[in-house]
Amino acid sequence: MIFITGTYPPQKCGVGDYLYCIMTSEIGKEWSVFYDVDWKLSNLPRLIKKMKCVTDPIINLQYPTMGYGTHLSPHILCLYAKFFLGKKIYVTIHEYSQLGWKGKLALKPLFAISEKVIFTTEYEKNQAEKIAHIQNGCVIKINSNIPSSPQIKEIKDRSWDVGYFGYLRPQKGLEEFLATAKQVKEKNVNAKICILGSIQPEFENYSKDILRIAEQIGVSYLGENTPQHTAEMINDIKIMYLPFPDGLSERRGSFLASVVNGCVIVSKRGNFTTYEQQQSCVFASGDEAAFVITQLLDDGAKLAEYQKKTLLFSKKNVPGSWNEIAKKYKELIEQ
């Protein structure tokens, strides 16, 4: 099998990271990657020529990625591979519900030719079944791109009170995080608050503005590091505050990295929030968040109770390894 993608490490993109984790698993080493940086329609002849050299009989399209932009080249390339090269097509859709009507419409031909359409959450599959009436969907849940620390620290042994983890880019709730952090600092000047995550080149100016505000209110930026070192830093944070504008969901890699490392999660409910998340996490609107976080920090017993819920959620809902995810892909294409 060969995976088509528009982004791949060292480029910074959640889908690229997801694919890299699959490809570096024991099973994933059997597969290959079709990666290109230019997906403009004018480049389609070169992409087709490149596809003609592919010997793998099975293609998996990872969609969407930042590298594709809004171009239709990935769609056309898969259609060409199906009808002119006789390839079997599988499509993995990471955020179907977030696509606009044009994006959803453009996927319909791919849904029609795919052996299976893979989603990462039940909610996303249900949306595709409702809107596009697909009948060949299945779910393979994602794992955290950041590993679990070898030894999960108890809440009382952690150095940082509140943290944020994820890409420093718009629509991730960073402005709300900083507003809440400022209020928490006003209530407790000694509260230790940090931001941990990567800066994507296209959002460098935005990131500089965010980090300048963070510094002004006493929030530390811990930068980015190797996955293992990042896991250790997350493992040293008591509360991970993730105020996603569209609410908490299972597809959020920063959420998964936080739960596998035993952080108590404070976030917002949304359309994608699962029942299991509602039972395991703390939810607060922007206006309530500072009060809720302050109350939690003052109650060690309640924090410890929520950490147990977090770890139980992780055990029941997060795949044990990326090799386990690769195994599900393998089982799917061998059916």
Side-chain angles (χ1 to χ4, degrees), residues 14 17-18 21 120-121 141-169 172-174 176-177 180-181 184 192-198 219-270 272-274 276-284 289 292-293 296-297 302-322:
D17 292 343
Y18 167 91
C21 289
T120 56
T121 71
K141 289 192 175 186
I142 69 172
N143 196 3
S144 168
N145 297 339
I146 304 300
S148 173
S149 299
Q151 186 65 43
I152 300 298
K153 290 183 180 180
E154 294 184 27
I155 286 293
K156 62 182 179 62
D157 298 326
R158 300 186 175 214
S159 304
W160 295 95
D161 295 309
V162 185
Y164 174 94
F165 173 58
Y167 286 119
L168 275 61
R169 54 174 293 180
K172 295 291 186 179
L174 276 159
E176 193 165 320
F177 174 86
T180 298
V184 171
K192 295 186 67 178
I193 305 177
C194 64
I195 292 174
L196 174 63
S198 301
V219 173
S220 301
Y221 176 51
L222 304 185
E224 56 180 308
N225 213 298
T226 64
Q228 290 74 21
H229 190 208
T230 300
E232 288 304 317
M233 289 190 283
I234 295 173
N235 191 35
D236 204 28
I237 296 171
K238 296 174 183 175
I239 296 173
M240 194 67 78
Y241 178 42
L242 303 170
F244 302 118
D246 58 350
L248 191 62
S249 76
E250 286 186 312
R251 71 172 186 266
R252 296 290 189 178
S254 51
F255 162 73
L256 295 174
S258 301
V259 296
V260 300
N261 283 291
C263 297
V264 173
I265 307 297
V266 176
S267 189
K268 297 160 68 174
R269 283 188 180 87
F272 320 111
T273 307
T274 67
E276 290 81 5
Q277 286 177 317
Q278 294 188 49
Q279 300 303 302
S280 309
C281 306
V282 181
F283 294 91
V292 169
I293 288 170
L296 279 172
L297 290 173
K302 183 165 282 189
L303 271 179
E305 178 187 336
Y306 271 107
Q307 185 184 41
K308 288 179 181 178
K309 292 181 179 182
T310 291
L311 294 172
L312 183 60
F313 174 93
S314 174
K315 184 178 179 180
K316 288 184 175 181
N317 295 280
V318 183
S321 69
W322 283 98

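Given the structure is predicted, the values throughout are model-derived calculations rather than measurements.
- Here the straight-line distance linking atom OG of S314 with atom CG of N143 works out to 8.5 Å at 0.5 Å rounding.
- Side-chain contact between L297 and V162 is present, with heavy atoms from C-beta onward closer than 4.5 Å.
- A heavy-atom distance below 4.5 Å is found between the side chains of L168 and L174.
- The stretch residues 225-256 participates, sequence neighbours left out, in these ring-ring contact (aromatic ring centres under 6.0 Å, His included) pairs: F177-Y241, F255-F313.
- Nearest heavy-atom pair across M233 and L196 is CE-CD1, 3.5 Å.
- A salt bridge is defined here as a Lys NZ or Arg NE, NH1 or NH2 lying under 4.0 Å from an Asp or Glu carboxylate O, and D161 with K192 fails to meet this definition.
- Atom CG of N317 and atom OG1 of T121 lie 12.0 Å apart (nearest 0.5 Å).
- A donor-acceptor contact shorter than 3.5 Å links the side chain of N235 to the backbone of Q151.
- Using modelled atom types, one side-chain atom of Q277 and one backbone atom of T274 make a donor-acceptor pair closer than 3.5 Å.
- Atom SG of C281 sits about 12.0 Å away from atom CE of M240, to the nearest 0.5 Å.
- Inter-residue side-chain proximity for F165 and I146 is flagged as met; some heavy-atom pair is nearer than 4.5 Å.
- Counting non-hydrogen atoms of neighbouring residues, nucleotides and ligands closer than 6.0 angstrom, the CD atom of E154 reaches no more than 12 such neighbours.
- Atom OG of S267 is separated from atom CZ of R252 by 8.5 Å, given to the nearest 0.5 angstrom.
- Counting only distance, with no hydrogens or angles, the side chain of R158 and the backbone of K153 share a donor-acceptor pair below 3.5 Å.
- For the side-chain hydrogen bond (donor to acceptor under 3.5 Å, both in side chains) with S149, the qualifying choice from D236, N261, T230 is N261, the only one to do so.
- With salt bridges taken as basic N to acidic carboxylate O contacts below 4.0 Å, none links K316 and E276.
- Partners of F272 according to the ring-ring contact (aromatic ring centres under 6.0 Å, His included) rule, which considers only residues two or more places apart in sequence or in another chain, are Y123.
- Side chain of T310 to main chain of G262: no donor-acceptor pair is present (N/O by atom type, distance under 3.5 Å, no hydrogens or angles).
- Heavy atoms only, all atoms of each residue included: G253 and S144 are closest at O-OG, 4.5 Å.
- In this structure, Q228 contributes its side chain and P147 its backbone to no donor-acceptor pair below 3.5 Å.
- Between the side chain of T273 and the backbone N or O of L248, at least one donor-acceptor pair lies under 3.5 Å.
- Under the 4.5 Å side-chain criterion, counting only non-hydrogen atoms from C-beta, C194 is in contact with I237.
- To the nearest 0.5 Å, atom CH2 of residue W160 and atom NZ of residue K238 are 12.0 Å apart.
- Applying the salt bridge (Lys or Arg N to Asp or Glu O under 4.0 Å) rule to pairs touching residues 222-234 yields K12-E224, sequence neighbours excluded.
- Remark: K309 engages E305 in a salt bridge (charged side-chain N to carboxylate O under 4.0 Å, His left out) (not counting sequence neighbours).
- At a threshold of 4.5 Å between non-hydrogen side-chain atoms, the residues K302 and L296 count as touching.
- Side-chain contact between S258 and I265 is present, with at least one heavy-atom pair separated by less than 4.5 Å.
- Put simply, CG on L303 and CD1 on I155 are 5.5 Å apart, with the number rounded to the nearest 0.5 Å.
- Every residue two or more places apart in sequence or in another chain that forms a side chain to side chain contact (heavy atoms under 4.5 Å, CB included) with L311 is listed here: I152, Q307.
- For Y18, the ring-ring contact (aromatic ring centres under 6.0 Å, His included) partners are H94, W322, not counting sequence neighbours.
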